2 protein chains.
Amino acid sequence: MSFSDTLNELVQFSEAELHDILNHFTMKSVSKNEILVKQGEICKYLYFVEQGMGRSYYLNDNQKEITQWFFGTGKFMSSADSFFQKKPSLYYLEVLEDSVLFLISKENLERLFSKYPKMEKLGRLVITEMLTNVFNKLNAIQFQTARERYDYMLAEFPDIAYQVPLGHIASYLGMAQETLSRIRSQDSIN
Amino acid sequence: MSFSDTLNELVQFSEAELHDILNHFTMKSVSKNEILVKQGEICKYLYFVEQGMGRSYYLNDNQKEITQWFFGTGKFMSSADSFFQKKPSLYYLEVLEDSVLFLISKENLERLFSKYPKMEKLGRLVITEMLTNVFNKLNAIQFQTARERYDYMLAEFPDIAYQVPLGHIASYLGMAQETLSRIRSQDSIN
DNA sequence: ATTTATTTTTGACCTATATCAAAAAGTGAT
DNA sequence: ATCACTTTTTGATATAGGTCAAAAATAAAT
């Protein structure tokens, strides 16, 4: 589903509105492993993943990368707090495969917000959906076994689960990568 | 800090605006252990905790209560997804001590949103703050020891940590209540 | 095509924390 | 003040999953 379809599904826009809104975004092709934002930098753009996927991650005390979130095709990707509050980002934002993104600056987004009240609603929808998803992950992580967490991953990100390095998924799920490897090998037996 | 002070701190309002906004809310006193929303019901109101505290929780497969979030004085409390999307709530909302709340229906809130664009901004601020907090908890839970999680709790909810039953905190932190009890008894030795 | 680097798998061992059970402490109601 | 009920603590035991180390499989580079 294209960007404009996604927008239109969330809130009904006219052709002209949609056209104008699209014009506030910039399309960008980025290649695999490109870093969009570094920890400590301000996240200047909100991205829409038209095609491809990305992740956010941080470095823990042992400098190990911990994946915080995956952003698949059709999702908005950003370091939300950094973007909206103009604070240094706690996370890296990385593209995991060659991707096409639409990006918008905070200033332009604000312009859209004031021009189209419906955009405010769209913003609220997108961010509450994100909040719900994060709570879901929290519930999965909080009390479930490694096996169950992986099942959650398969359900939540079926497209992503098989396309990114094992280690990224393991850290996302809060387990050692050896554990995830063992879980997967169990699966392939049955 | 009172409700109007909190609003004013997030976004600057005039006296008249503030007065009008306040008028869209209803003040309500609720007593300890009162349930505001049950799992499966639609959460009809957004609450501001003027005084007191509450929590959201759900029942796991063994019918055990799992605390999902604490809402202290000065915070907005709701089952966000249910409230904004009018979907059945996945969570109970409970008041943990005699409290004073300001509540508003979705319809009234929408009215405020369209009347005061600044309210939209406030809404965005509140919800991105929530999102940040949930991500923080996720990071704490994902890879930290029971001891470290409890430290996170003390840092994040210092007021709440000593005022609610141990079991609520343990489930919030994703550990057995026996474990939390042992952590605390370690503390009191030193 | 080889070599080099990266990622995944497998094995052995260990530890943090869960679970089960029972005692102790605390709280509320009559 | 006593009884009933709830919450917290303590002890003993079990286990899921972490850690360390090395081998195997993949992928990337020359």
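Being a predicted model, the structure only gives us computed values, none of them experimental. Letters go in sequence order (proteins before strands), and every chain restarts at 1. Side chains are part of it too, since the values below use all heavy atoms of this structure and drop only hydrogens, waters and symmetry mates.
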In whole angstrom, give the distance that lies between atom [atom1] of [X] and atom [atom2] of [N].
| X | N | atom1 | atom2 | value |
| --- | --- | --- | --- | --- |
| B:Gln186 | D:dT8 | CD | P | 19 Å |
| B:Phe143 | C:dT17 | CZ | C1' | 17 Å |
| B:Glu148 | C:dT15 | CD | P | 17 Å |
| A:Asn62 | D:dT19 | CG | C1' | 12 Å |
| A:Glu65 | C:dT6 | CD | C1' | 13 Å |
| A:Lys64 | C:dT7 | NZ | P | 13 Å |
| A:Asn33 | D:dA28 | CG | C1' | 12 Å |
| B:Leu180 | D:dT8 | CG | C1' | 10 Å |

Pair B:Phe3 + B:Phe25: ring centers closer than 6.0 Å: yes
Mutual orientation of the aromatic rings belonging to B:Phe13 and B:Tyr116 [parallel < 30°, tilted 30-60°, perpendicular > 60°]: perpendicular
Non-neighbouring partners of B:Lys106 that pass salt bridge (Lys or Arg N to Asp or Glu O under 4.0 Å), sequence neighbours left out: B:Glu110
N/O donor-acceptor pair under 3.5 Å between B:Thr73 side chain and B:Glu50 backbone: no
Main-chain N/O of B:Ile42 paired to B:Lys86 side chain as donor or acceptor, under 3.5 Å: no
Under-4.0 Å side-chain N/O to phosphate OP1/OP2 contact, A:Thr179 with D:dG18: yes
side-chain N/O B:Ser181 vs D:dT9 OP1/OP2, d < 4.0 Å: yes
Nucleic acid footprint by protein, nucleotides 25-30 of chain C - heavy-atom cut-off 4.0 Å, B for base, S for sugar-phosphate alone: ------
Residue pairs passing the side chain to side chain donor-acceptor pair (under 3.5 Å) test where at least one lies in residues 165-177 of chain A, sequence neighbours excluded: A:Arg55-A:His168, A:Thr67-A:Ser171, A:Tyr152-A:Tyr172
Within 6.0 Å of NZ in B:Lys38, more than 12 heavy atoms from elsewhere: no
Within 6.0 Å of NZ in B:Lys121, more than 12 heavy atoms from elsewhere: no
Distance, nearest 0.5 Å, that separates OG1 of B:Thr26 from CG of B:Asn108: 7.5 Å
Any residue of residues 156-177 of chain B with a heavy atom less than 4.0 Å from an atom of DNA chain D: B:Pro165, B:Leu166, B:Gly167, B:Gln177
Within-4.5 Å side-chain heavy-atom neighbours: A:Met130 and B:Phe135: yes
Tabulated below should be each protein N or O lying under 3.5 Å from an N or O of nucleotides 20-25 of chain D; please produce it.
| residue | atom | partner | partner atom | Å |
| --- | --- | --- | --- | --- |
| D:dC20 | N4 | A:Glu178 | OE2 | 3.2 |

For A:Asp159, all residues meeting side-chain contact (heavy atoms from CB on, under 4.5 Å), sequence neighbours excluded: A:Phe157, A:Gln163
